[in-house]
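Atom set for the values below is all heavy atoms of this structure, side chains included, hydrogens, waters and symmetry mates excluded. What you are looking at is a predicted structure, and each value in this text was computed from that prediction instead of being measured.
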Amino acid sequence: MGINSYKEDEQSVSAGKLRTLLRLLSYLLAYKKEIILVLLIMTFCVIVSLVNPLLIEAAIDNYITAGDMPGLFRLVLFAILLNLLMIGGIRLRMYIMAKICNKILVTIRQELYSHIQTLDLSFFDSRPAGKILARIIGDINSLKDVLGNFVTTLIPDLTTVLAVAVIMFVKNPVLAAASLCSLPFMMICLWLIQVYSHRKWQDFRKKSSNLNAFIHEDMSGMRIIQSFSAEEETSRTFDDLLNAHRNAFKKAVLLCDGIGSVIDLSWGVGIAALYFVGIRILGTASVSIGTFIAFGSYIGMFWNPIMNLSNFYNQIITNIAAAERIFEILDTKASIKDADEVSELPPIKGQVSFSHVTFSYDGEVKVLNDVSFHIKPGETIALVGPTGAGKTTIVNLISRFYDVQEGIVSIDGYDVKKVSIQSLRRQMGIMTQDNFLFSGTVKDNIRYGKLDATDEEIISAAKAVHAHEFICRLEKGYDTVLSERGGGLSVGQKQLLAFARTMVSNPDILILDEATSSIDTKTELLVQEGIDALLKGRTSFVIAHRLSTIQKADRIFVIDQGGIIEEGSASQLMAKKGAYYRLHTAQMMTF
């Protein structure tokens with residue numbers, strides 16, 4: 001999958017509207033008892049609404065005409081009682097369905113969020129976080145009306161329409177045919193509208209994702225925007241995306257609004273045809289006043305549900321694109337996942353081997369080409385080389401964030417593809433260049449490395465990396481609440497916290513990717529003592545641009561040209577006067 005930014009529309013995914021709708025409605029099956037109760041309530045309400053015109057016809061033809069006021073009074077009381085019960089039933093069914101729909105939205109959101117966490121890094125590399133967020137929040141919210149109205153609108157209104165049609169044809173086939181003569185015209189118009197409007201709503205969802213992705217990226221990079229005084233440029237980009245979003249919405253709504261006009265026109269034609277046929281063709285002598293009034297009520301009872309059904313259909317067209325986008329993510333298979341007969345990786349000693357490993361991110365350019373090496377338990381391996389040479393790729397393959405195209409990566413003789421991902425990563429401590437801190441206390445951020453860590457373990461880890469001193473100076477010490485990404489802390493302080501988080505996990509294999517890149521030289525000397533203590537007795541991989549930090553490494557791999565071009569201790573490589581010597585000399589000249 002190519003990289004998709006806020007400047008590009010996502011590719012449309014269409015699994016078929018009916019199939020998508022049925023999949024969405026399948027979530028209702030978990031609430032069978034509640035749905036049955038709602039259906040029973042609605043059945044009663046539909047029956048009452050169908051009986052009302054017959055009561056009116058009876059009141060006029062049987063009681064008013066005959067002057068039977070006591071009988072009329074009893075009929076009116078009966079009608080009032082029925083309709084009060086119907087009103088109560090309508091309120092109850094709305095409450096039950098709202099509760100069900102909210103639970104379903106929570107379920108879908110939890111499923112989507114949990115599934116996204118299982119996807120590999122290539123999924124996140126290919127799209128902005130804002131577009132993923134748009135599906136978890138906006139797209140799921142838009143499904144509520146479809147779920148609720150399927151039960152509360154589609155079923156009762158469809159039943160009402162069919163029942164009314166049957167009653168009308170039983171009472172007077174000619175008047176019924178006249179009343180419904182415009183139905184074929186309406187159906188053709190609705191079909192044409194839905195064909196074009198679905199595409200427009202798909203386009204609107206894409207523009208919503210683009211806008212959401214830009215806002216997320218803009219807020220995350222606000223420091224850079226303000227540093228370079230780029231506010232006007234980002235404002236123009238925002239305006240462009242906002243206008244595209246608005247225009248897509250207007251085009252979609254314009255088509256959907258036509259549905260109401262088509263229904264109104266069909267309704268008007270039906271009423272005109274009813275009275276023309278009833279009065280001019282059949283004649284008033286053939287049709288009683290009560291029947292005319294009953295048909296007038298029934299034609300309203302027919303077209304009102306049709307209007308409701310068209311609005312529901314409109315909702316389906318509007319929101320089915322959102323459901324398609326949600327299910328597209330749910331159907332995305334993780335390329336990095338446990339095998340069918342995966343085994344648990346037992347407690348490891350830390351032996352790591354690469355055997356003829358070849359890897360490419362895009363399937364074309366080989367970052368690593370036929371790389372082989374063997375690491376003994378407890379060894380500290382430093383990886384150096386130019387940017388993009390493949391240093392981080394090596395540690396990502398050990399952690400199985402990506403899978404090799406050729407060769408085998410093994411730990412203690414176990415192929416990493418044949419052991420569970422959780423059992424593999426649980427025994428690793430990884431500190432990357434992106435020292436992300438979560439909203440929460442300092443203590444919670446450090447405990448993220450080991451969720452059951454005690455306060456004593458947290459403080460011990462912080463002391464080991466010399467973070468304890470600055471933490472104690474914070475307003476509430478370890479209970480100080482940090483904002484997202486650790487706002488208010490210096491870059492070095494954030495890195496120290498991230499380092500303490502890694503240390504508290506007490507890993508068997510340790511990976512430090514530019515672990516001291518943002519720490520000043522004085523602090524680095526203190527942290528180096530903690531690093532030395534942490535590395536002792538563990539297999540460790542250290543990626544560093546500051547060559548001064550890896551002088552004690554057991555071996556140094558110089559990575560370039562798709563493989564290891566030099567290997568040895570710092571003194572051995574300096575003596576060779578090769579690639580490492582040139583890197584070291586060039587770096588010393590910059591100080």
Side-chain angles (χ1 to χ4, degrees), residues 10-43 45-46 92-119 123 131-162 190-191 194-195 197-199 201-202 204-205 208-209 256 305 308-334 337:
E10 295 172 282
Q11 186 175 359
S12 294
V13 178
S14 182
K17 290 188 283 296
L18 180 59
R19 180 181 173 187
T20 302
L21 180 62
L22 292 176
R23 183 174 177 180
L24 178 62
L25 296 177
S26 67
Y27 285 90
L28 291 168
L29 297 177
Y31 303 91
K32 294 185 183 72
K33 292 181 180 179
E34 294 88 341
I35 297 297
I36 290 172
L37 175 60
V38 170
L39 291 176
L40 290 174
I41 293 171
M42 290 191 303
T43 300
C45 295
V46 169
L92 180 59
R93 71 109 189 263
M94 289 174 64
Y95 170 77
I96 295 173
M97 281 310 303
K99 196 172 180 180
I100 291 173
C101 290
N102 286 330
K103 287 182 178 180
I104 290 175
L105 293 189
V106 169
T107 299
I108 297 175
R109 187 169 282 120
Q110 287 173 332
E111 284 184 7
L112 184 60
Y113 181 77
S114 298
H115 180 71
I116 286 173
Q117 290 193 101
T118 68
L119 299 177
F123 172 83
K131 292 194 175 185
I132 301 173
L133 185 64
R135 303 195 188 203
I136 297 175
I137 304 299
D139 287 348
I140 289 179
N141 285 343
S142 66
L143 302 180
K144 183 176 181 179
D145 289 339
V146 175
L147 288 166
N149 288 338
F150 174 78
V151 177
T152 60
T153 297
L154 179 64
I155 295 175
D157 284 346
L158 190 58
T159 303
T160 299
V161 166
L162 295 175
L190 291 186
W191 180 80
Q194 69 87 21
V195 169
S197 62
H198 180 62
R199 299 172 191 168
W201 283 114
Q202 281 185 324
F204 169 70
R205 292 292 171 191
S208 295
S209 277
C256 288
N308 293 336
L309 289 170
S310 70
N311 289 334
F312 175 67
Y313 188 59
N314 205 355
Q315 286 175 354
I316 293 176
I317 296 170
T318 303
N319 297 314
I320 207 71
E324 287 173 342
R325 286 157 51 83
I326 292 167
F327 293 140
E328 184 253 329
I329 296 289
L330 285 172
D331 291 339
T332 299
K333 304 297 182 183
K337 60 182 179 180

To the nearest 0.5 Å, what is the distance between [atom1] on [X] and [atom2] on [Y]?
X	Y	atom1	atom2	value
I326	D331	CD1	CG	11.5 Å
Y27	I108	OH	CD1	5.0 Å
E34	I36	CD	CD1	9.5 Å
Y95	I100	OH	CD1	11.0 Å
R93	I35	CZ	CD1	12.0 Å

Testing the basics here: between [X] and [Y], what is the closest heavy-atom pair and its distance to 0.1 Å?
X	Y	value
L147	L24	CD2-O, 3.7 Å
A323	T20	CB-CG2, 3.6 Å
D139	R325	OD2-NE, 2.7 Å

Worked verdict on M42 versus L37 for side chain to side chain contact (heavy atoms under 4.5 Å, CB included): CA-CA 9 Å; M42 290 191 303; L37 175 60; over 6 Å; no

Exam field: side chain H115 to backbone T332, donor-acceptor pair closer than 3.5 Å: yes

Backbone N/O of I96 and side chain of K99: donor-acceptor pair under 3.5 Å: no

Pair N141-R109, side chain to side chain contact (heavy atoms under 4.5 Å, CB included): steps then yes or no: CA-CA 9 Å; N141 285 343; R109 187 169 282 120; 2.7 Å; yes

Criterion side chain to side chain contact (heavy atoms under 4.5 Å, CB included) on M97 and V38, from CA distance to verdict: CA-CA 8 Å; M97 281 310 303; V38 170; 4.1 Å; yes

Identified side-chain contact (heavy atoms from CB on, under 4.5 Å) counterpart of I104 within the set L143, L28, I140, L25: L28

